[in-house]
Protein chains: 6
Amino acid sequence: MSRFTHLDESGAARMVDVSAKDTSIRTATATGRVLLSGEAVELLRSGDNPKGDALGVARIAGIMGAKRTPDLVPLCHPIALHGVKVTLEIVDSGVEITCVVKTADRTGVEMEALTAVAVAGLALIDMVKAVDPGATISDVRVEEKTGGKTGVWTRS
Amino acid sequence: MSRFTHLDESGAARMVDVSAKDTSIRTATATGRVLLSGEAVELLRSGDNPKGDALGVARIAGIMGAKRTPDLVPLCHPIALHGVKVTLEIVDSGVEITCVVKTADRTGVEMEALTAVAVAGLALIDMVKAVDPGATISDVRVEEKTGGKTGVWTRS
Amino acid sequence: MSRFTHLDESGAARMVDVSAKDTSIRTATATGRVLLSGEAVELLRSGDNPKGDALGVARIAGIMGAKRTPDLVPLCHPIALHGVKVTLEIVDSGVEITCVVKTADRTGVEMEALTAVAVAGLALIDMVKAVDPGATISDVRVEEKTGGKTGVWTRS
Amino acid sequence: MSRFTHLDESGAARMVDVSAKDTSIRTATATGRVLLSGEAVELLRSGDNPKGDALGVARIAGIMGAKRTPDLVPLCHPIALHGVKVTLEIVDSGVEITCVVKTADRTGVEMEALTAVAVAGLALIDMVKAVDPGATISDVRVEEKTGGKTGVWTRS
Amino acid sequence: MSRFTHLDESGAARMVDVSAKDTSIRTATATGRVLLSGEAVELLRSGDNPKGDALGVARIAGIMGAKRTPDLVPLCHPIALHGVKVTLEIVDSGVEITCVVKTADRTGVEMEALTAVAVAGLALIDMVKAVDPGATISDVRVEEKTGGKTGVWTRS
Amino acid sequence: MSRFTHLDESGAARMVDVSAKDTSIRTATATGRVLLSGEAVELLRSGDNPKGDALGVARIAGIMGAKRTPDLVPLCHPIALHGVKVTLEIVDSGVEITCVVKTADRTGVEMEALTAVAVAGLALIDMVKAVDPGATISDVRVEEKTGGKTGVWTRS
């Protein structure tokens with residue numbers, strides 16, 4: 001068998017069979033950041049007023065993005081999502097994004113967490129691109145996952 | 001008006017009116033990369049055999065992702081896409097992704113190009129995550145856009 | 001914590017964690033109506049011939065709409081749906097719509113029932129709008145829900 | 001031909017041919033309301049703090065809902081949307097919703113405006129349903145449309 | 001260049017650039033059939049009563065399927081559809097399906113017509129599968145296309 | 001009750017209630033073929049080089065199509081998919097397609113397997129249509145299903 005579990009022995013893509021795996025509580029935490037110009041950061045900070053939707057739009061986009069993961073990532077299983085939290089924090093270099101996804105199902109949810117971070121980042125760039133056309137998404141990665149047969153994995 | 005064009009004067013999100021803009025040929029090029037362990041790079045390289053689908057899956061995911069942009073990015077206009085090309089190149093540190101999008105419509109296509117790169121990156125991570133759970137998407141950004149009133153913009 | 005369960009203590013939106021809730025049989029019944037001109041009602045009644053698709057289109061749209069709920073309602077959990085029934089009845093003032101949704105899952109299905117009613121209403125308006133541009137959707141609401149920790153709730 | 005333009009002479013549903021219609025600027029305004037308990041209104045008002053996402057979620061859902069119209073309403077044409085604005089105002093009886101949609105295309109956009117109002121209403125109910133399970137969507141209807149061969153239509 | 005226009009000179013998939021093609025009226029007609037047992041045909045015929053939804057569901061599914069073509073067929077351009085008609089006729093061997101699609105856009109619509117036929121066939125099988133688990137979709141193909149640079153093509 | 005289980009006693013479509021059915025391992029195998037000209041077969045064979053995406057695109061489209069089944073087939077339940085394998089084999093008359101779907105859920109997965117075969121066939125036609133505009137999808141049907149109350153069913 002290929003060491004890439006999504007490929008069979010001939011190298012052809014497939015959705016790998018997980019029907020024999022147990023349903024259990026699984027979580028994944030992913031992070032990433034959007035690097036922004038000082039001007040864009042300043043505008044985001046000053047825009048944090050009662051109706052300022054800029055970060056709110058990105059947060060909603062991230063949560064909805066997690067739900068679209070099996071539509072976007074070809075070999076991902078359609079999976080129940082039982083909790084999604086997306087946090088955005090403005091820092092001097094841009095915006096830090098964190099997503100925590102929780103499920104009680106047969107596969108891990110790290111792709112859902114990564115997708116939420118990436119889509120939140122895309123939505124944020126869309127908000128600021130008129131001001132900062134060079135905005136950049138970086139460091140989108142899994143920080144921790146728990147549950148399933150492999151148990152806890154933490155980025156070292 | 002807010003300098004964030006997607007927000008109105010009260011800070012509320014909207015899809016900005018572009019009906020008065022001209023239809024013209026517009027292009028956008030975005031790039032990004034997936035940083036991988038040496039082991040994962042080695043497997044991708046050796047897997048480049050007659051039926052090896054690993055990069056192919058990511059390429060298709062990127063092209064399809066470009067088409068899903070208005071579903072993912074809340075304030076993006078649904079827009080005609082007249083050409084999408086996604087290129088993946090294996091390098092020592094991982095995989096470099098480039099996407100070029102072309103349209104003849106009323107708005108730019110930089111969000112579509114960025115989305116294609118991000119989704120190709122997510123699909124690639126999904127392929128390799130059993131081997132490299134620390135795979136990271138970085139440097140997703142617009143390199144160049146042409147067309148429309150603002151003409152050519154190139155990352156400096 | 002906010003009394004709005006979809007907001008955390010800071011007011012930020014999230015998909016609330018339901019992984020600890022039990023899987024149980026849950027149902028929800030929602031109703032609504034489309035108010036129509038007498039002429040439109042008359043045409044719907046006379047159109048109820050062997051191949052008349054007008055109400056059939058709305059019924060199918062409602063059932064499919066129930067399945068799209070997590071795509072439309074940002075914080076809704078993607079959930080199994082085990083039965084959906086949409087009923088449309090022509091009355092003198094328009095069309096009465098009823099939807100019953102049943103599941104065996106961790107959250108209630110009232111949003112799915114409401115979405116089915118609203119989408120059936122939208123599809124019906126689309127069918128009659130050339131004849132009755134003033135058609136109006138009203139009184140879309142939950143009538144009853146059963147199952148889960150809170151048991152039976154009935155509109156009083 | 002049937003007077004319902006979406007049905008052919010035999011009563012069968014179809015997407016009516018608009019290829020001969022002119023591309024022109026068209027707008028549609030739709031309104032609706034969500035009727036809420038006094039307690040829910042009070043919470044929405046007090047929740048209108050710096051990060052309160054309640055109305056923001058409904059606004060985004062409405063804008064994204066407009067884009068999903070051809071997926072939801074079976075016989076709607078997929079159409080370019082060039083501007084979408086969703087406004088929510090808290091009043092004593094609940095929340096008033098207004099949506100204005102603009103396009104330069106071959107068909108009117110009243111279904112898109114109605115869909116945006118309905119989906120914003122559904123998302124708002126989802127936010128408040130733990131506090132007010134009896135929340136009701138009412139009076140979803142077109143107020144005005146402009147453009148195309150029929151010109152301006154205003155609800156009388 | 002590859003003779004497969006969706007592949008570039010290296011064999012990699014792409015959405016081919018059509019931005020230089022003219023917008024013109026284009027049509028495509030596709031046909032197909034669902035082969036059924038005599039019992040299933042009999043039931044479909046007897047079910048053709050005032051509220052019998054069996055063929056109606058397949059017709060609606062076909063029309064909606066045409067709109068989903070770019071979501072399903074990876075390299076298809078998202079395209080305006082200006083008219084879709086799906087016809088189903090019960091014959092002794094099953095059901096004959098015909099779809100005519102019309103557009104005023106830059107690419108042909110034969111994939112949309114084929115997709116409508118295939119999805120209508122799938123929906124019909126879903127309706128009858130409890131009675132006829134061996135139902136078969138066959139002969140899904142383009143009969144004629146018009147418009148564009150190549151003009152009229154008719155199956156010989 | 002109607003013998004078509006998706007229709008109620010009045011002939012109206014519904015998503016039939018399966019909440020009382022057991023969760024169990026279920027599989028379905030469907031097959032089909034795309035009939036091609038000799039020239040197209042030759043090109044597919046010669047294109048089977050290191051980066052030739054032609055069959056790979058169809059395979060991915062089929063797997064993703066399986067996941068879209070409840071979006072396409074109006075009365076299908078949204079269902080967990082735990083394994084999907086799509087195989088394409090070039091033969092003298094065209095390409096043979098086989099799909100095996102596996103789940104641990106409350107309903108069978110034959111519609112998912114059929115949808116995967118049909119969508120793979122559509123994607124393959126899209127790849128070759130410039131060379132072979134007469135390509136035809138045929139013989140899309142269930143070969144075997146296992147699991148659930150009815151146990152094993154095999155095409156005789």
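For residues 98-127 of chain A, the interface with chain C (any heavy-atom pair closer than 4.5 Å) comprises A/Lys102, A/Ala104, sorted by residue number. Close approach to chain A, defined as a heavy atom under 4.5 Å from one of its heavy atoms, is seen in C/Pro70, C/Asp71, C/Leu72, C/Val73, C/Pro74, C/Leu75, C/Cys76, C/His77, C/Pro78 of residues 61-81 of chain C, taken by number. Contacts from residues 129-153 of chain C to chain A, taken as heavy-atom pairs separated by less than 4.5 Å, involve no residues at all.
Once rounded to the nearest 0.5 Å, the distance linking CZ of C/Arg14 with CD1 of A/Ile60 reads 12.5 Å.
Proximity to chain A (any heavy atom under 4.5 Å) is shown, for C/Val18, by both the backbone and the side chain.
Note on residues 79-90 of chain A: pairs passing salt bridge (Lys or Arg N to Asp or Glu O under 4.0 Å), not counting sequence neighbours, are A/Lys85-C/Asp8.
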